[in-house]
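Only one structure is covered here, and it is reproduced in the block below.
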2 protein chains.
Amino acid sequence: MAMTNDDFLDELKALLGDSGVLRHPNDIARYVSDWAGDTLGTPLAVARPANTEQVAEVVKRCYEHDIAMTPQGGHSGLVAGALPDANDQELVISLERLNSVRALDPVNFTITVDAGCILENVKQAAFEHDCDFPLSLGAQGSCQIGGNIATNAGGLNVLRYGMMRELVLGLEVVLPDGRLWDGLNALHKDNRGYDLQQLFLGSEGTLGIVTGAVLKLAPRPTQSRTALLGLPSVQAVIDLYGLARRDCCDLLTAFELIPRRCIELAMEATPELRDPMDSAYPWYVLMEVAATGPVDLGSMLEQLLENGMERELVLDGALASSDTQSAQLWQFRESMLEGQRRRGEHLRTDISVPISAISDFVARASDEVMAASPECEIIAYGHVGDGNLHFNILPPASMADSDKKAHLHELENRLFDVLDDFHGSISAEHGIGRTKQAPYLAGLSPVERELVSGIKALFDPKGLMNLGRILPARE
Amino acid sequence: MAMTNDDFLDELKALLGDSGVLRHPNDIARYVSDWAGDTLGTPLAVARPANTEQVAEVVKRCYEHDIAMTPQGGHSGLVAGALPDANDQELVISLERLNSVRALDPVNFTITVDAGCILENVKQAAFEHDCDFPLSLGAQGSCQIGGNIATNAGGLNVLRYGMMRELVLGLEVVLPDGRLWDGLNALHKDNRGYDLQQLFLGSEGTLGIVTGAVLKLAPRPTQSRTALLGLPSVQAVIDLYGLARRDCCDLLTAFELIPRRCIELAMEATPELRDPMDSAYPWYVLMEVAATGPVDLGSMLEQLLENGMERELVLDGALASSDTQSAQLWQFRESMLEGQRRRGEHLRTDISVPISAISDFVARASDEVMAASPECEIIAYGHVGDGNLHFNILPPASMADSDKKAHLHELENRLFDVLDDFHGSISAEHGIGRTKQAPYLAGLSPVERELVSGIKALFDPKGLMNLGRILPARE
């Protein structure tokens with residue numbers, strides 16, 4: 001006789017304790033929606049294991065009883081990848097109680113953490129040992145390392161330190177049948193056979209639940225300098241990037257493309273912000289250099305500015321001469337996101353093209369979008385060194401709310417068509433989840449589809465682990 | 001009726017032309033042995049396709065007729081991974097004719113190459129565009145990019161630029177059934193589903209044949225400085241590394257541990273070399289910093305040297321003040337390898353431990369080895385920033401040649417036992433191939449064995465592609 005859900009959850013309670021299994025609607029409310037505001041359904045329950053062994057035990061029982069599982073981190077995903085399904089039959093497995101730093105080895109430049117550790121806390125722990133965990137994201141105060149791993153998180157400092165993939169040395173993973181895969185090595189170099197770890201990175205919880213990780217640290221910078229520059233065109237931004245890579249000796253930590261519209265949105269959202277320069281410029285670059293030793297970063301930036309002006313790439317610039325001024329410049333980057341949010345429903349994208357194609361892409365995509373919707377507003381900003389643009393679109397102000405979703409979806413399709421011409425990616429850093437599944441599948445070759453499905457079947461033969469994310473639930 | 005081998009090879013000749021299929025013993029001699037001097041057997045023939053389509057067609061026909069395949073690059077492997085098997089029934093597929101640079105985009109910092117391009121040529125092509133492809137190996141004059149990808153090559157500059165895995169943006173691969181997997185993207189950031197590319201990296205040609213790649217470039221350094229330092233102990237080397245990571249602002253490109261014995265071996269091999277300092281020191285560090293812009297690397301190294309001496313980590317140092325002097329210092333690193341080779345049969349290893357464990361590991365491993373073989377000679381050098389040691393052993397000079405192999409094998413087992421206690425890797429950068437297969441399999445957990453075998457079966461269901469490397473031929 002099949003076990004009832006109640007019996008199953010009683011079993012889990014016996015294992016995890018009362019507070020380890022949540023069922024009451026009030027208790028589970030915060031596990032059903034994410035940063036993007038999406039909600040799909042209600043879980044069977046929320047399991048809150050406290051350690052790796054408990055995660056393994058919960059998963060083993062789900063496997064035995066054919067219970068679908070949704071692993072969950074800090075709810076900061078943007079593609080509905082960690083939300084319980086609309087079928088109301090999934091068990092959410094939250095990693096939030098696995099939140100200890102297990103070890104920190106400043107000589108090996110590594111930190112070993114539970115997957116439920118919040119990114120900000122890991123960064124703080126590293127700071128205390130004069131080290132830096134350089135992943136840097138808007139969500140760092142709430143996102144968890146396990147989610148960063150599952151989504152191969154990116155962010156602001158990728159051009160210097162790489163994505164999460166490049167920051168992970170070892171992983172501990174509970175496989176969909178409850179067995180543990182122990183790859184928790186603290187080795188900087190390891191070429192023993194197939195690197196299974198790489199498969200878990202970016203697999204969005206569909207191949208197993210990451211419970212622990214060894215992360216690579218950098219020395220903590222002792223100084224940094226920030227500049228906001230005004231430029232005439234996207235092409236000038238790209239050219240300046242090439243110059244900066246050389247003049248700044250690979251000490252660049254951020255190089256952000258910002259359109260004028262974003263400066264205005266930032267000033268709307270944060271009225272204390274003043275226009276950063278005497279004139280307005282069509283494009284801005286917010287850049288930062290950081291170093292751990294005795295290098296004169298101030299002169300380095302000044303010289304770049306001079307070189308950029310000589311070549312007519314840079315029209316004006318504001319160099320922060322204190323941490324306070326630097327924070328003020330970064331405030332534009334934060335407030336512009338808040339300004340966007342206040343505009344209500346809009347299209348958020350996360351695309352990438354070769355760096356050399358950014359200018360042409362922005363021009364072509366803008367033309368296509370404006371031709372289709374002359375009153376919409378384009379807000380294209382991004383991480384230049386990664387070729388990563390958030391080419392976002394605000395719908396026409398006059399449009400009825402009920403029409404916006406379909407209209408934006410239509411514009412997204414046009415944008416993705418242009419992107420195909422540039423051999424770009426529809427997901428540079430946010431992942432596929434459910435939100436990007438349709439265009440992802442449309443772009444997948446038959447041979448890749450076969451391999452991806454084969455890997456999913458190999459790791460999760462019963463199809464219980466975060467099913468329906470990346471690949472559809474039923475092939 | 002089954003096709004005879006002659007019929008099959010005639011088919012290949014019709015496809016590739018006469019010079020595209022080699023059978024005469026004189027012609028195939030150079031395809032049956034590698035850098036390590038190993039030879040196992042003779043291939044059925046050597047196929048030399050000239051482009052990706054021909055590779056795909058050759059593989060497709062092998063798949064149809066159940067012909068085993070050995071993809072082959074520049075013959076510089078050290079684990080017998082690319083040698084045709086002793087069964088004399090494998091078709092070697094050499095990539096040597098796929099040797100074109102397909103594209104170079106200095107604005108995107110990428111180069112797109114055929115897999116048969118020789119590493120040195122790729123580096124040269126990058127230089128011509130003021131860029132650098134920073135993979136740096138002893139074998140760079142002959143090794144091919146496809147082999148670097150298949151083995152996830154490491155080398156001297158990993159601490160700054162990462163291993164081959166971190167330098168590859170896109171791949172084009174012919175799968176074992178002859179279908180093409182096209183992942184030849186030039187995107188710095190791409191999070192679309194499972195990253196299949198990562199599986200091919202380090203899979204040693206067992207999952208498919210890489211035919212093309214998009215590689216990440218760095219700006220070409222405009223200056224570099226080299227120093228050779230004398231230190232009292234391995235622990236001092238490790239402590240100095242921590243200091244150098246900070247004082248040198250992440251501009252370190254190499255930080256090599258060298259024992260006194262290696263300096264002597266170098267002077268034996270290259271008599272023009274003079275002892276680099278007035279006194280002899282038990283350990284040396286050969287280090288390099290490089291930059292693309294206006295940083296005073298000379299003062300940077302001097303300050304590090306001063307700080308190191310103050311802390312009694314550095315006893316003496318030679319700073320190169322010209323490119324010629326720098327080349328002289330690097331000559332020690334090259335000549336010491338030649339000096340080793342001249343000693344005849346010896347144990348070469350390629351192991352890694354956490355950086356923080358290097359000193360303890362060297363002490364423990366040396367004790368164990370010397371206890372077992374008091375007259376052997378240990379030569380332990382390596383890449384400190386990667387925790388990667390080539391802990392090599394010369395057998396006792398008095399030992400009969402016929403006894404050396406078994407004796408060194410016994411010492412290797414002892415060494416690997418110590419390594420296990422330190423959670424180290426038996427292969428940091430050379431891979432598994434056939435040579436390291438036994439200890440690799442012994443260290444594999446049942447769950448990992450199952451997943452690795454499953455992946456092999458998924459990609460190569462007929463088991464024809466470089467079979468017997470990493471995993472045994474018959475499971």
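For the numbers below, each heavy atom of this structure counts, side chains included, while hydrogens, waters and symmetry mates do not. Per chain, numbering begins at 1; letters A, B, ... match sequence-line order. Being a predicted model, the structure only gives us computed values, none of them experimental.
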Closest approach of A:Gly385 to B:His188 (non-hydrogen atoms, all atoms of both residues): O-CG, 4.0 Å
Shortest non-hydrogen contact from A:Cys249 to B:Gly293? SG-N, 3.2 Å
Looking only at heavy atoms and a cut-off of under 4.5 Å, which of B:Asp190, B:Leu159, B:Leu207 has the most pairs with chain A? B:Asp190
Spell out, as yes or no, whether a donor-acceptor pair under 3.5 Å connects the side chain of A:Asn108 to the backbone of B:Ile355. yes
Pair B:Val107, A:Tyr241 - check side chain to side chain contact (heavy atoms under 4.5 Å, CB included), show working. CA-CA 9 Å; B:Val107 178; A:Tyr241 174 70; over 6 Å; no
Most heavy-atom pairs under 4.5 Å with chain A, out of B:Ile238, B:Val452, B:Asp247, belong to B:Val452
Interatomic spacing from CG in A:Leu199 to CG in B:Leu451 - rounded to 0.5 Å: 9.0 Å
For A:Ile432, is it the side chain, the backbone, both, or neither that has a heavy atom closer than 4.5 Å to a heavy atom of chain B? both
Let's test your reading of the structure: which of A:Met163, A:Arg160, A:His423, A:His383 forms the most heavy-atom pairs below 4.5 Å with chain B? A:Met163
Quick one: which of A:Leu187, A:Asp296, A:Ile470 has the most heavy-atom pairs under 4.5 Å with chain B, could you say? A:Leu187
With a 4.5 angstrom heavy-atom cut-off, which part of A:Asp386 approaches chain B: side chain, backbone, both or neither? both
With a 4.5 angstrom heavy-atom cut-off, which part of B:Leu251 approaches chain A: side chain, backbone, both or neither? side chain
Choice from A:Gly387, A:Gly162, A:Gly193, A:Ala291 maximising heavy atom contacts with chain B below 4.5 Å: A:Gly193
Highest number of heavy-atom pairs under 4.5 Å with chain B: which of A:Ser445, A:Ala457, A:Gly424? A:Gly424
With a 4.5 angstrom heavy-atom cut-off, could you sort out which part of B:Arg165 is near chain A: side chain, backbone, both or neither? side chain
With a 4.5 angstrom heavy-atom cut-off, is it the side chain or the backbone of A:Arg469 that approaches chain B, or both, or neither? neither
Below 4.5 Å from any heavy atom of chain A, which atoms of B:Phe200 appear? Answer side chain, backbone, both or neither. neither
Given heavy-atom pairs under 4.5 angstrom as the criterion, report whether the side chain, backbone, both or neither of A:Gln437 touches chain B. neither
Region of B:Arg246 in contact with chain A, defined by heavy-atom distances below 4.5 Å: both
With side chains defined as the heavy atoms from C-beta onward, is the minimum distance between A:Val447 and B:Leu175 less than 4.5 Å? yes
Given the options B:Asn152, B:Asp350, B:Asn388, A:Asn191 meets side chain to side chain donor-acceptor pair (under 3.5 Å) only with B:Asn152
Would you name the heavy atoms of B:Ala218 and A:Arg245 that are closest together and state the gap between them? CA-NH2, 4.0 Å
Please classify the contact of B:Lys456 with chain A as side chain, backbone, both or neither, using a heavy-atom distance under 4.5 Å. both
Pair count under 4.5 Å, heavy atoms only, with chain B: among A:Ile358, A:Leu304, A:Thr206, highest is A:Thr206
For chain B, the option from A:Asp182, A:Asp239, A:Val295 that forms the most heavy-atom pairs under 4.5 Å: A:Val295
If you measure from OG on A:Ser453 to CG on B:Leu458, what distance do you get to the nearest 0.5 Å? 9.5 Å
Check this for me, if you would: do A:Arg179 and B:Glu450 make a salt bridge, where the nitrogen-to-carboxylate-oxygen distance has to be below 4.0 angstrom? yes
Does a side chain donor of either A:Asp105 or B:Ser356 reach within less than 3.5 Å of an acceptor in the other side chain? yes
Flag side-chain contact, heavy atom, 4.5 Å: B:Thr110 against A:Pro354: no
Could you look at B:Leu180 and say if it's the side chain, the backbone, both or neither that has a heavy atom under 4.5 Å from chain A? backbone
Contact check, side chains of B:Asp250 and A:Pro219, non-hydrogen atoms, under 4.5 Å: yes
Are the side chain of A:Ser352 and the backbone N or O of B:Lys189 linked by a donor-acceptor pair below 3.5 Å? yes
For A:Gln198 and B:Asp195, what are the C-alpha separation, side-chain angles and deciding distance, and is it a side chain to side chain contact (heavy atoms under 4.5 Å, CB included)? CA-CA 8 Å; A:Gln198 303 299 331; B:Asp195 193 343; over 6 Å; no
Against chain A, label B:Thr151 side chain, backbone, both or neither, depending on which of its atoms sit under 4.5 Å from a heavy atom there. backbone
Where do B:Ser203 and A:Tyr194 come nearest, in terms of heavy atoms and distance? CB-CE2, 3.7 Å
Which atoms of A:Ile455 approach chain B - backbone, side chain, both or neither, heavy atom under 4.5 Å: both
Under a 4.5 Å heavy-atom cut-off, does chain A meet the side chain of B:Asp130, its backbone, both or neither? both
Can you tell me if B:Arg192 and A:Ser425 form a side-chain donor-acceptor pair at under 3.5 Å? yes
